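Have a look at the structure below before the remarks.
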There are 2 protein chains.
Amino acid sequence: MTEPKKPDAPAATGPAKKHAREGKSNPTIYDIAKVAGVNPSTVSRALSKPGRVSAKTQKLIEDAAAELNYQVNQFARALPTGRTSTFGLIVADITNPTFFDIIRGAETTATLRDYTLMLAESEESAVTELTAARRMMATVDGLILASPRMDDDDIRTLARDKPVVVINREVDGVPCVVPDVNKGISEAVRSLAANGHRKVAFVAGPPQSWMSARRWEGMRAACEWSRLEAVRLDSTKPTVNGGREVARVVRDSGATAVLTYNDLLAIGLMQELQAAGMVVPDQISIVGFDDIFGADFTTPPLTTVRSPLGECGSGATTLLLDLLHGMGEPAGILRVETELVLRGSSGRLLPPG
Amino acid sequence: MTEPKKPDAPAATGPAKKHAREGKSNPTIYDIAKVAGVNPSTVSRALSKPGRVSAKTQKLIEDAAAELNYQVNQFARALPTGRTSTFGLIVADITNPTFFDIIRGAETTATLRDYTLMLAESEESAVTELTAARRMMATVDGLILASPRMDDDDIRTLARDKPVVVINREVDGVPCVVPDVNKGISEAVRSLAANGHRKVAFVAGPPQSWMSARRWEGMRAACEWSRLEAVRLDSTKPTVNGGREVARVVRDSGATAVLTYNDLLAIGLMQELQAAGMVVPDQISIVGFDDIFGADFTTPPLTTVRSPLGECGSGATTLLLDLLHGMGEPAGILRVETELVLRGSSGRLLPPG
DNA sequence: AGGCAATTGTCAACCGGTTGCCATAAATTG
DNA sequence: CAATTTATGGCAACCGGTTGACAATTGCCT
């Protein structure tokens, strides 16, 4: 029917000539139709609308497809339908290990359901993030935003277009996956109180971080409950260096225990305090947040409030899948538990001298 | 229900965008054509074939495109051309920090050139890897394999279809990005020799790892040169736990310094030796490989041979871009330098007692 | 056997951008 | 000024899978 174009161009057409498909392109539903002796549209239905064709024809077509080693052309499918079998995942910083478990959780779950994952990084910038998100929207079926930096409104706008799931932040009207910090924090605070600490400092994360605010709130409440004094200190950046930089302020605060916004801060802080001659945990207890890769490499290994980040990634992906296939608009918030991981960096305060 | 489209009106030109509702469907080149008063094909040319249309028309079209906030439909473009502006990246293990920097390097470089990155994981399995690669081939313009586990032949077969770049391994006939271990290793060995060590152990990685073999070879050569005795020990897995498990063998070997296949092994080994009461580096020196995230969290911080992994990722992406646009068959091997990062885990041996 | 509904397959029109071919307008040249 | 080359825009046929509309086939009853 359709005569294949045979451009016997003698002149080299392009440099990528080597990889050009020379006549032998991939099998299409038309090829299958020919082999099975049916119409292409029947093939299409057999392959994507189970039940629409008779069992006999179905088998015929499936056999032909298997024989030809057929696989759908995702682009040809995406063009009329818009379905791409692809999810987008945007993280603030690819080198931040916090996101690696999230990425892995999302990737694993997506692959399991025959979706692929597109990755982008916002470099901690709301503008870059929005740009990346906009660009992705065109080519994905749904989007996961891990610790997004952009406005709630921007997120809602995106979510009107296609399913969006947010990790590590609550946005009204958008499905979210959020670690419930209270359990882990209260465990941590109780543990500190039990070890005789009276004044605890919180080293905060970026001002615009929703999660940092939640953690500070949770800690203040837990301290009140345990009758501890809580002070809040600012950090410059939520990184190892940021932790180093905040060390002086921590010492000056007079607190004997510190809870930090994340593990990186805790590690940097511990390094700097130790370099200044302080002994952890004898003179000061340090508790991190997230339990990232490497949190147990330190000496002493870091006590930390674990967020099940992998679960967040796979939970968000599952939410997205549910939103797309079948079931309506559950949305709402998926809460995952946090817990204290007690290691060596926290403990009883030794009396000075 | 949409009304049946049976336009016997002969004047109908192009797909009439009847219900082009804002928000629902994006502007197309047909919309631009209408605004600019030209033919859709002219719009297509103006947007993708610079110079093919007059400057005047070009401007007209660009203005219209900007006004409508147009962006190409990648699927519609991919269908006839096969070009997708997408790269695939397959790593063995997403949680292995070795790949963090590779992913980031690739992502950054790709985004910079308006490509997006699709990520897949092989879970250290050659079969899963090949499956993932096959699936990706259909939807990407090129593929990056980081530390692939599959056969050389499988890789070459893939490479016949579309551009493929391999990281951390040499495959004949396929462009590769490989850290040149010799410089870093010889620096490490010389440093150990200078500190009085006479016998050095190498803790190997997975048997099928090409890179592990290179590192062992490099070390043996360097030791010969420095007149040191070199012994090779096997590990179970190239992870922290694998490092712990090999600790006993290391002690029994009588070596006073160890070079490990990667940092994870080194960290696990160091933890286990320290737990057994040995002092690092006074009683044994430990040198890792790669300088992954967290290598400096340990006490003492890990001395390691740094592989510029981010460079590998971005180098591979650049190679892919070169292969696609313009220049034909550079292929060959891109070597990147390694260097010793001297930290606290290696040093002079203290005389016993 | 005739009538009617339920199944199953076919036709053709999309989705949106690309590109070979051709007609025409513009520029160059003899 | 005519002839030829060249630059430019238009036409239409793709890419491959999807889907509404409809025809053909089958099954079931009376």
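Proteins come first, then strands; the chains are lettered A, B, ... in the order of their sequence lines, and each starts at number 1. Bear in mind that the values here come from a model prediction, so they are computed numbers and not experimental data.
Atom OG1 of B:Thr317 and atom CG of B:Asp322 lie 11.0 Å apart (nearest 0.5 Å). Taking OG1 of A:Thr318 as the reference point, atom CD of A:Glu311 lies at 10.5 Å (rounded to 0.5 Å). Here the CG atom belonging to A:Asn73 is positioned 10.0 Å from the CD1 atom belonging to A:Ile29, to the nearest 0.5 angstrom.
Note on B:Asp172 versus B:Arg156: no salt bridge recorded, every NZ/NE/NH1/NH2 to OD/OE distance being 4.0 Å or above.
A search for side chain to side chain contact (heavy atoms under 4.5 Å, CB included) contacts involving A:Leu112 returns nothing, not counting sequence neighbours.
B:Arg149 is not listed as a side-chain neighbour of B:Ser125, based on a closest heavy-atom distance of 4.5 Å or more. At a threshold of 4.5 Å between non-hydrogen side-chain atoms, the residues A:Glu107 and A:Leu89 do not count as touching. Between A:Thr139 and B:Phe75, some side-chain heavy-atom pair lies under the 4.5 Å cut-off.
Rounded to a whole Å, the CD1 atom of A:Ile32 is 8 Å from the P atom of D:dG17. In this structure, A:Lys34 atom NZ and D:dG16 atom C1' are separated by 14 Å, rounded to whole Å. Atom pair B:Ile61:CD1 and C:dG17:C1' shows a separation of 13 Å (rounding to whole Å applied). Distance CZ (B:Arg45) to C1' (D:dA7): 12 Å, rounded to an integer number of Å. Rounded to an integer number of Å, the gap from CG of A:Leu79 to C1' of D:dG16 is 9 Å. Separating the CG atom of B:Asn39 from the P atom of C:dG16 is a distance of 17 Å, rounded to the nearest angstrom. For the pair A:Asp31 CG and D:dC15 C1', the interatomic distance rounds to 13 Å; values are reported in whole Å. If you measure from atom CD1 of B:Ile29 to atom P of D:dC11, you get 13 Å, rounded to the nearest angstrom.
Between B:Lys49 and C:dT19, a side-chain N or O to OP1/OP2 separation shorter than 4.0 Å is present. Side-chain nitrogen and oxygen atoms of B:Asn73 include none within less than 4.0 Å of the OP1 or OP2 phosphate oxygen of C:dC15. Contact annotation: A:Tyr70 side-chain N/O to D:dG17 OP1/OP2 distance is under 4.0 Å. Contact between the side-chain N/O atoms of A:Ser44 and the OP1/OP2 oxygens of D:dT18 is found at a separation under 4.0 Å.
A donor-acceptor contact under 3.5 angstrom links the side-chain atoms of B:Tyr30 to the base of C:dG17. With hydrogens and angles left out, the side chain of A:Arg83 and the base of D:dG17 share no donor-acceptor pair within 3.5 Å.
For B:Pro80, the side-chain atoms get nearest to D:dC15 when compared with the rest of D:dT19, D:dC15, D:dT8. Nearest nucleotide to the side chain of A:Val38, out of C:dG9, C:dG16, C:dT10: C:dT10. You'll find that the side chain of B:Arg77 is closest to C:dT18, out of C:dT18, C:dG9, D:dG16. Candidate nucleotides C:dC21, D:dT18, C:dT10 were compared by shortest atom distance to the side chain of A:Ser41, and C:dT10 ranks first.
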**Q.** Letter per nucleotide, 5' to 3', of nucleotides 22-27 of chain C [B base touched, S only sugar-phosphate touched, - untouched; heavy atoms, 4.0 Å]
**A.** ------

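Listed for the B:Glu129 side chain is no donor-acceptor partner under 3.5 Å among the backbone atoms of B:Ser122.
Note on the helix from C:dA1-D:dT30 to C:dG30-D:dC1: angle between the axes of the first and last five pairs equals 40°, rounded to 10 degrees.
Within a 6.0 Å sphere centred on CZ of B:Arg134, heavy atoms belonging to other residues, nucleotides or ligands number 12 at most.
Between B:Ala76 and B:Thr42, the residue anchored nearer the 5' end of DNA chain C, judged by the nucleotide with its closest heavy atom, is B:Ala76.
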